[in-house]
Amino acid sequence: MSTEAQAMAEPTGQGPKNPRVSSVMVQLEMKPLWEEFNQLGTEMIVTKAGRRMFPTFQVKILGMDTLADYALLMDFIPLDDKRYRYAFHSSAWLVAGKADPATPGRVHFHPDSPAKGAQWMRQIVSFDKLKLTNNLMDDNGHIILNSMHRYQPRFHVVFVDPRKDSARYAQENFKSFVFTETQFTAVTAYQNHRITQLKIASNPFAKGFREADPDSWPVTPRPLLSIPARSRSSLSPCLLKGSAEREKDTSKASASSSRTPTQPHHQLLPAPDVLLAPATYRPLPYQNLYPGSPSHAGSPRARLAPYPLPNISTAGDQEDPTLTAGLGLLPTSALCLVSNQASQ
């Protein structure tokens, strides 16, 4: 998204410039994106720990002396002496009063400074390490700004003069550039929802926000009571037999109601009769499960099992009245435990 639009140098009125900086030209990268944000009213987050800018300030530099040393830096100046607030009912920024006391003025040197002009012109110069903070006691070198105030970033090219009396020529050895489309309002949280949407849509680091829409998540139908293959061996034979029967019924119903073949994971397993040896169950009276309990005590009060119990019958397919009467009173695990003890 580079652009050939050239920034206009800030008028200084401080006399002629050193030839090594007077011919320097700067082009703002991602200019269309900056203009899109500027039309909505750009907002930049400031935090106590410091927050990077987006869009990132990036420039292409031309006209430097390839053998001379240059330092690149940025600073931020207030656009006015007012404090602002955002009116949500009208989606506009309004003046809220006079500006807060000025924050300590700081400049941000590009970490590669100083470097030869040939190095600066070889590639895009990015200030992606620059961070904005509202912490007046910050000791990390971040740019300190007041929230709800408007600021204008400035870009400076400084020629590193090797002369011993270079301080005398300080006003001649730098050139400043201002891009009006980069001005912004410092905020602790985005006020304009359109700015939030544009930042999420254009920031490559906001991919997680774009993928967090629940409506875009794929929904795959799966049986609620299906049992993973790895956990089947840890279940009791009774639970496995009942689960296998329910899964078999569910698969038959889905196959008859839809022409699209489905293959749940439980259909990829061998038949339950192959995995599990056929179990035989012997009816057991209530008194044998609870030794010492009198036969006239009646049935204990207990909740019904939360799932259907497997059909338990004797070898002669004759239901035992004692066991049938207690099916709703005993948990399935107790029946399996007793049957295992009886088989031993």
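All values below come from the heavy atoms of this structure, side chains included, with hydrogens, waters and symmetry mates left out.
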Residues Lys116, Asp69: salt bridge by 4.0 Å N-O rule |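 A salt bridge is present here (some side-chain N lies under 4.0 Å from a carboxylate O).
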Passing candidate, side chain to side chain contact (heavy atoms under 4.5 Å, CB included) with Tyr151, options Asp75, Leu145, Ile143, Leu132 =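 Answer to the side chain to side chain contact (heavy atoms under 4.5 Å, CB included) test with Tyr151 among Asp75, Leu145, Ile143, Leu132: Leu145.
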How about [X] and [Y]: do any of their side-chain heavy atoms sit closer than 4.5 Å?
| X | Y | answer |
| --- | --- | --- |
| Ile144 | Asn134 | no |
| Ser113 | Trp120 | yes |
| Gln191 | Ser91 | no |
| Met148 | Val187 | yes |
| Val24 | Phe177 | yes |
| Ile61 | Phe155 | yes |
| Pro153 | Met74 | yes |
| Trp34 | Glu29 | no |

Can the positive tip of Lys175 be found less than 6.0 Å from the middle of the six-membered ring of Phe159, inside 45° of the ring normal?
->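 Judged by the rule, Lys175 and Phe159 form no cation-pi pair.
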Between the side chain of [X] and the main-chain N/O of [Y], is any donor-acceptor distance below 3.5 Å?
| X | Y | answer |
| --- | --- | --- |
| Asn173 | Tyr169 | yes |
| Lys60 | Ile124 | no |
| Tyr86 | Tyr190 | no |
| Thr66 | Gly117 | no |
| Asn192 | Arg194 | yes |
| Asp138 | Gly141 | yes |
| Ser23 | Gly63 | yes |

Would you indicate whether Arg168, at its atom CZ, is surrounded by more than 12 heavy atoms from other residues, nucleotides or ligands within a distance under 6.0 Å?
->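 Counting other residues, nucleotides and ligands, CZ of Arg168 stays at 12 neighbours or fewer.
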Taking atom CZ of Phe109 as the centre, does the number of heavy atoms from other residues, nucleotides or ligands within less than 6.0 Å exceed 12?
->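 Counting other residues, nucleotides and ligands, CZ of Phe109 stays at 12 neighbours or fewer.
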Taking only residues two or more places apart in sequence or in another chain, which ones pass side-chain hydrogen bond (donor to acceptor under 3.5 Å, both in side chains) with Thr42?
->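 Scan of Thr42 (side-chain hydrogen bond (donor to acceptor under 3.5 Å, both in side chains), adjacent residues dropped) gives none.
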Atom of Thr133, atom of Val46 and distance for their closest heavy-atom approach |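 Answer, listing the atom of Thr133 first, then Val46: C-CB, 4.1 Å.
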If you group Ile, Leu, Val, Met, Phe, Trp and Tyr by side-chain heavy-atom gaps below 4.5 Å, do [X] and [Y] land in one group?
| X | Y | answer |
| --- | --- | --- |
| Leu198 | Leu28 | yes |
| Ile195 | Trp93 | yes |
| Phe174 | Val160 | no |

Taking atom [atom1] of [X] and atom [atom2] of [Y], what is their separation to the nearest 0.5 Å?
| X | Y | atom1 | atom2 | value |
| --- | --- | --- | --- | --- |
| His193 | Thr196 | NE2 | OG1 | 8.5 Å |
| Leu33 | Phe54 | CG | CZ | 5.5 Å |
| Phe179 | Phe57 | CZ | CZ | 5.0 Å |
| Thr56 | Lys129 | OG1 | NZ | 11.0 Å |
| Tyr70 | Arg20 | OH | CZ | 7.0 Å |
| Met25 | Met64 | CE | CE | 11.5 Å |

Let me check something: any side-chain donor-acceptor pairs from residues 76-84 under 3.5 Å, sequence neighbours excluded? List them with distances.
from: Asp80; atom 1: OD1; to: Lys82; atom 2: N; distance (Å): 3.2
from: Asp80; atom 1: OD2; to: Tyr84; atom 2: OH; distance (Å): 2.5
from: Arg83; atom 1: NH1; to: Asp100; atom 2: OD2; distance (Å): 3.1
from: Arg83; atom 1: NH1; to: Ser147; atom 2: O; distance (Å): 3.4

His156/Val107 under side-chain contact (heavy atoms from CB on, under 4.5 Å): CA gap, chis, key distance, verdict | CA-CA 10 Å; His156 308 279; Val107 296; 5.8 Å; no
Within residues 34-59 or reaching into it, pairs that qualify as salt bridge (charged side-chain N to carboxylate O under 4.0 Å, His left out) - sequence neighbours excluded =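 Qualifying pairs: Lys31-Glu35.
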